[in-house]
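Given the structure is predicted, the values throughout are model-derived calculations rather than measurements. Order of appearance sets the numbers: ligands from 1, and atoms from 1 within every ligand.
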Amino acid sequence: MSKRIIITGASSGIGYAAASLLAKQGNKILVSARRTDRLEELAAKFPGQIDTIKCDVTNVDEVRAMVQKCVDAFGGVDVLINNAGMGLFDPLIDAKLEDWHAMFDVNVKGLLTCVHAGIPELRKTHGHIINLGSVASHNVFPNSGVYCATKHAVLAISESIRIELRKEVRVTTISPGAVNTEFIDQTKNEELLKSYKPNFEAGMTAELIAEQIAHAVNMPQSSNVSEIIIRPNS
Ligand code: NDP
């Protein structure tokens, strides 16, 4: 059955791959991010199936407009995929306060804004929230403690939705290990970037993570995949 899906952070990596796969499977998708040129390029591959909207998840008005656009364009929201996220890695003693704040603003507060805006519509459709966590939702790694804290928060938010709303809204956390996307390139610490980049390049593909997202989306309504943890097998 075709679903009406919102994906945040769909201009690259996992979000872009998930939008492509879910569109191929016949769903209607509203993709959002800040880089709208990339969204337009994606939508052009799936005419009539993918619509676009600029949405910075740290902007409450833009998030509300995104949810409203899905309702106006497709008649409702069945799935909200909170994928937008960032990681800026640095040792604690070198870290910039604005980087810590930026990670919380996007990964936690931005995700919460989407959840807050989306829940009223998702309750109407017995819908589904998919949050991008990470293995960092479970473990804390050196040089990325604050990123790990944001992803621990994502898992806690998912759990709170499951506990309070499970009869009305399904919720899944997708928790990957290293995935080869643009993610690591945001790290400004050149030494860390150089040492981490090969691990990410040897990591999983965005398409593999998209398959896990689609698996959760396509599970029968009578079930709920709470979490998928997926690591590279190398
Ligand atoms: P990418 O950097 O390729 O994609 C990140 C996406 O988030 C981009 O589309 C970017 O779009 C968007 N984004 C960033 N900031 C904002 C913002 N303020 N508002 C809206 N969108 C924003 O990385 P990935 O695809 O790898 O990351 C996707 C998710 O997966 C993230 O939540 C990440 O934490 C998580 N993850 C990634 C792993 C990895 O190894 N790559 C491992 C585990 C989890 P734009 O800049 O156009 O706004």
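Comparing Ser11, Ala206, Gly85, Gly9 against atom 11 (O) of ligand 1, the shortest heavy-atom distance belongs to Ser11. The heavy atom nearest to atom 42 (C) of ligand 1, considering only Gly177, Ala178, Ser134, is found in Gly177.
With a 4.0 Å heavy-atom cut-off, ligand 1 is reached by no atom of Tyr16. When non-hydrogen atoms are compared, ligand 1 lies under 4.0 Å from neither the backbone nor the side chain of Tyr196.
Set against the non-hydrogen atoms of Val106, the atoms of ligand 1 under 4.0 Å away are 15 (N), 18 (N). Atom numbering of ligand 1 starts at 1 in the shown order; those under 4.0 Å from a heavy atom of Gln186 are 2 (O). When each atom of ligand 1 is checked for a heavy atom of Arg35 under 4.0 Å away, the hits are 8 (C), 10 (C), 11 (O), 45 (P), 46 (O), 47 (O).
Ligand 1 has no N or O atom lying under 3.5 Å from any N or O atom of Ala33, backbone or side chain. On a distance-only criterion, Val57 and ligand 1 share at least one N/O pair closer than 3.5 Å. Considering backbone and side-chain atoms together, Asp56 places an N or O closer than 3.5 Å to an N or O of ligand 1.
A donor-acceptor contact shorter than 3.5 Å is absent between the side chain of Asn83 and the backbone of Leu132. With hydrogens and angles disregarded, no donor-acceptor distance shorter than 3.5 Å links the side chain of Lys28 to the backbone of Cys70. Remark: the backbone N or O of Val77 is paired with a side-chain donor or acceptor of Thr125 at under 3.5 angstrom.
Heavy atoms only, all atoms of each residue included: Ala84 and Val57 are closest at CB-CG1, 4.1 Å. Residues Thr150 and Asn107 approach most closely at OG1-ND2, 3.1 Å, considering heavy atoms.
Remark: distances from the non-hydrogen atoms of Lys151 to ligand 1 include one below 4.0 Å.
With Asn82 as the partner, the side-chain contact (heavy atoms from CB on, under 4.5 Å) test is satisfied by one option alone out of Asn131, Ile157, Val154: Asn131.
For the ring pair (Phe, Tyr, Trp, His ring centres under 6.0 Å) condition, the pairs that include at least one residue of residues 123-167, sequence neighbours left out, are Phe89-Tyr147, Tyr147-Phe183.
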